[in-house]
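Let me begin by presenting the structure, written as structure tokens, before commenting on it.
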Amino acid sequence: SSGINAEYGYLKPNSEGVFKVGFKVPDVYGVYQFKVDYDRIGFTHLYSTTQVSVRPFHHTEYERFIPSAYPYYASAFSMLGGLFVFSFVFLYHRDAVPESKKTE
């Protein structure tokens, strides 16, 4: 129990014959190193290291429109439409003139 968690995935080739695996990165920002050291009798020795930096997204790297926020977008536009309708009614509505003032 050294406090190290590892997650392994099954490697399967895609249509180009390239093997891929995905890793879930930790929620701690920093620089990580992925190592592959495969040494078996009768096979070629494979050794590969890749250094990856994990950092938060820059404010321009987020999605422009988030699908889960569509109800909020709809409510904002409906409020905007309601404001236009209210403004039009408020500006162009006339009260009915009573009969006694019409004759004067």
Side-chain angles (χ1 to χ4, degrees):
S1 166
S2 63
I4 297 174
N5 294 326
E7 182 178 332
Y8 301 97
Y10 175 69
L11 290 174
K12 62 180 181 177
N14 60 8
S15 60
E16 293 113 21
V18 178
F19 288 93
K20 291 186 178 183
V21 67
F23 291 100
K24 187 174 183 180
V25 296
D27 201 18
V28 178
Y29 303 133
V31 179
Y32 293 90
Q33 189 172 31
F34 298 113
K35 291 183 182 180
V36 174
D37 191 4
Y38 187 76
D39 190 13
R40 298 289 184 260
I41 296 175
F43 292 102
T44 303
H45 179 243
L46 295 176
Y47 181 76
S48 173
T49 62
T50 304
Q51 190 171 355
V52 179
S53 62
V54 177
R55 61 172 179 78
F57 283 131
H58 195 257
H59 73 280
T60 58
E61 294 176 333
Y62 286 103
E63 294 182 35
R64 188 151 315 256
F65 292 104
I66 302 169
S68 62
Y70 285 160
Y72 298 103
Y73 301 149
S75 67
F77 286 119
S78 69
M79 288 294 291
L80 186 63
L83 177 68
F84 284 134
V85 169
F86 175 77
S87 300
F88 181 79
V89 169
F90 184 77
L91 290 174
Y92 296 107
H93 175 73
R94 284 197 182 154
D95 290 333
V97 179
E99 291 292 326
S100 63
K101 290 192 175 185
K102 283 186 182 177
T103 58
E104 294 178 2

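As the structure is a prediction and not an experimental result, all values here were calculated from the model.
- Separation of atoms OG (S75) and OH (Y72) is listed at 8.0 Å; rounding is to 0.5 Å.
- Residues I66 and Y70 share a hydrophobic cluster, clusters being chains of Ile/Leu/Val/Met/Phe/Trp/Tyr side chains in contact below 4.5 Å.
- Two different hydrophobic clusters hold F84 and V89 under the rule that ILVMFWY side chains link at heavy-atom gaps under 4.5 Å.
- Linking Ile, Leu, Val, Met, Phe, Trp and Tyr residues whenever their side-chain heavy atoms come within less than 4.5 Å places F88 and L91 in a single cluster.
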